[in-house]
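Quantities reported herein were computed from a predicted structural model and do not represent experimental measurements. Worth knowing before you read on, the calculation uses all heavy atoms, side chains too, and leaves out hydrogens, waters and symmetry mates. Below, chains carry the letters A, B, ... as their sequence lines are ordered, and counting in each starts from 1.
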Amino acid sequence: MNRMLQKPRGTRDFLPEEMEARRSVEANLREVARRWGYREVCTPEFEDLELFTMRSGAGIIEEMYVFEDKGGRKLALRPEVTAAVIRMYVNEAKVAPKPIRWCYFADCFRYERPQKGRYRQFWQFGVELIGADTAPADAEAVMLAADMLDAIGVSYELKVGHLSFMKNLLSGLSPGVQRKVMAHLDKKDFEGLAVTLEELKKPDLGTALKDLVACRDLDGAFAIAGNIPDKERFDQTISLLDAAGVKYSFNFGIARGLDYYTGMVFEAFAANLGAENQILGGGTYRLAQLFGGDDAASCGFAIGFDRVIVSLGDIGRRKEPVVAIICTEEGRRRALAVARAFRDAGYRAETDLMERGIGAQVTHASKTADFAVIIGKRESESGEVTIKNLQSGEQKTVTLDAAIAGVGSHGAR
RNA sequence: GCCAGGGUGGGGUAGUUGGUUAUCCUAGGGGACUGUGGAUCCCCCGACCCGGGUUCGAAUCUCGGCCCUGGCCCCA
């Protein structure tokens, strides 16, 4: 064992079985995105450090992979994709017809302590809806999120909230104090909250905030926080979600990302994941202006792909029949043609490369394949092939076309 | 950054009052054996996470580090 060749902390290797499972989930997500009109984009794996600090502040440098290139540029491996997509929009696509519907599947990097569902390299499947500043746009993002999670079969709870309720309650406070209060709420640290509000001589606010966080219905939220500026739009969004039959509950305590989210926010959680159980997060935001573009309202979300995979547990990979082409030395050339015929028919066909005897080839095939197609001296003379079903053990000598048809009529292992 | 539990061939394991060549299963390669060898038998391959300390001698005791699993914190 060579210690120099270990993989870096928080990264993973994926064997073929895992990759097949991951790709199958990914394909489901892609298919849902496609049906809703979201087209895939791709941005660089690393960007100017500034792109991320502009959005989220210098504090996040601690949690990023930051490095300097040979030209002395400060760069960072992307910790998320939204900022890059909006940069791309500003750079390349700000005159594209609105709304813009984009999606991405990308690996991201964060320098954090690995634990269940948290890795230093992880994948996100996300969508961004740019340029539609309306209730139907907000509703579409939530509906699409629910559709995607349903499509991959993960069991989840969807929470929808709106930042204006909390902003309403906190409007009298300075931004710094707001941030402090938000931190208390985020941790559900109501004792610390009470102390902070006592210092501000606003003990009543604590009660209202606590009620709001606990509130699970829309009327109640309006009663606690008063009428928010976006009331009409949020009402409309909610009525659209209800009409579409989306299953969700309200949570007006969703506080993360107050920095850049502007209105509706939503999150989804899986029950069986332990501490890192959030599998989706999103909301409406405005970033284009920050990156030098015209103001553009956006709404988007990202799915924590690795957490979804963990939550799904053992998922079946796509089943496909595997055909082992077995031959003797005199049949080898013809075996190549037979293999080609199976491949042309769309099947996965593998030939012997170890120059083993027929028996050993059958042994090997029994572990790795569903069918063995044998081309030896007898088959070469008759012009037929012998096909053996490796599960049932039955075999027969038939024409090549019949053998191909036979594979098609049976399932895989 | 903090806490707990771990780390023996590719996978799973036995082995600690310190003492032969580190056990077994499995996987992989080869042979017996040039048409079913998917069986049987035999052979091969291959490990004590890294480094320091104690000792005549360390997988075992000790210190530090690395990594894994889970939790805390954080979560754009």
Between the base of B:U36 and the side chain of A:Q395, is there a donor-acceptor distance below 3.5 Å? yes

Please determine whether the number of non-hydrogen atoms from other residues, nucleotides or ligands lying under 6.0 Å from atom CG of A:D344 exceeds 12. yes

Would you say A:R307's side chain and A:Q278's backbone share a donor-acceptor pair under 3.5 angstrom? yes

For nucleotides 64-70 of chain B, tabulate all protein N/O to nucleotide N/O atom pairs closer than 3.5 Å, reporting atom names and distance.
unit_1	atom_1	unit_2	atom_2	d
B:C68	OP1	A:G10	N	3.1
B:C68	OP2	A:R9	NH1	2.4
B:U69	O4	A:R113	NH2	3.4
B:G70	OP2	A:K116	N	3.1
B:G70	O6	A:R113	NH2	3.0

Specify the separation, in whole Å, of atom CD1 of A:I358 and atom P of B:U36. 8 Å

Of all heavy-atom pairs linking A:P136 and A:L240, the shortest is CA-CD1, 3.7 Å

Looking only at side chains, do A:Y285 and A:E128 share a donor and an acceptor under 3.5 Å apart? yes

Got a donor-acceptor pair under 3.5 Å from the side chain of A:E112 to the base of B:C73? no

Between A:F250 and A:F252 (judged by ring centroids, cut-off 6.0 Å), do the two rings come close enough to count as a pair? yes

By the 4.0 Å heavy-atom rule, please label A:E62 as base, sugar-phosphate, or nothing. nothing

Grab the CG-P distance between A:D352 and B:G35 for me, whole Å please. 14 Å

Could you point out which residue of A:I374, A:I358, A:D352 forms a side-chain contact (heavy atoms from CB on, under 4.5 Å) with A:T328? A:I358

Please find the pair of heavy atoms, one from A:A270 and one from A:S311, that lie closest to each other, and give the distance. CB-OG, 3.6 Å

Tell me what A:E379 touches on the nucleic acid: a base, only sugar-phosphate, or nothing, going by heavy atoms under 4.0 Å. base

Here the gap from A:Q124 atom CD to A:D306 atom CG, rounded to the nearest 0.5 Å, amounts to 9.0 Å

What's the CD-P distance between A:E63 and B:C73, to the nearest Å? 14 Å

Checking A:E140 against A:Y38: is there a side-chain donor and acceptor pair closer than 3.5 Å? yes

Hey, does the side-chain of A:R118 have a donor or acceptor N/O within less than 3.5 Å of a partner on the base of B:C74? yes

Could you measure between the two P atoms, the one in B:G65 and the one in B:G1, and give it in whole Å? 11 Å

Measuring only the C1' atom in each nucleotide, how far is B:U69 from B:A27? A whole number of Å is fine. 25 Å

In whole angstroms, the gap separating P of B:U36 from CG of A:N389 amounts to 19 Å

Using a 4.0 Å heavy-atom cut-off, does A:I374 contact any base of the nucleic acid, only the sugar-phosphate backbone, or nothing at all? base

Using the 3.5 Å cut-off, write out each protein N or O paired with an N or O of nucleotides 28-31 of chain B and the distance between them.
unit_1	atom_1	unit_2	atom_2	d
B:G29	OP1	A:R356	NH1	3.4
B:G30	OP2	A:R356	NH1	3.1

Whole angstrom value for the distance that separates C1' of B:C75 from OH of A:Y261: 11 Å

Roughly, in whole Å, what's the span from CD in A:Q278 to P in B:C74? 14 Å

Here the distance between atom P of B:G37 and atom CD1 of A:I326, to the nearest Å, is 12 Å

What's A:G376 touching, base or sugar-phosphate or nothing? Going by heavy atoms closer than 4.0 Å. base

Can you tell me, in whole Å, how much space there is between the P of B:C49 and that of B:C68? 16 Å

Once you round it to whole Å, what is the distance between C1' of B:G11 and CD of A:E17? 14 Å

pair_partner(B:C74), Watson-Crick or wobble, both distances < 3.5 Å, evaluates to none

Using the C1' atom as the point on both nucleotides, what is the distance between B:G28 and B:G64, in whole Å? 37 Å

Using a 4.0 Å cut-off on heavy atoms, which residues in residues 76-88 of chain A reach RNA chain B? List them by number, or say none. A:P79, A:E80

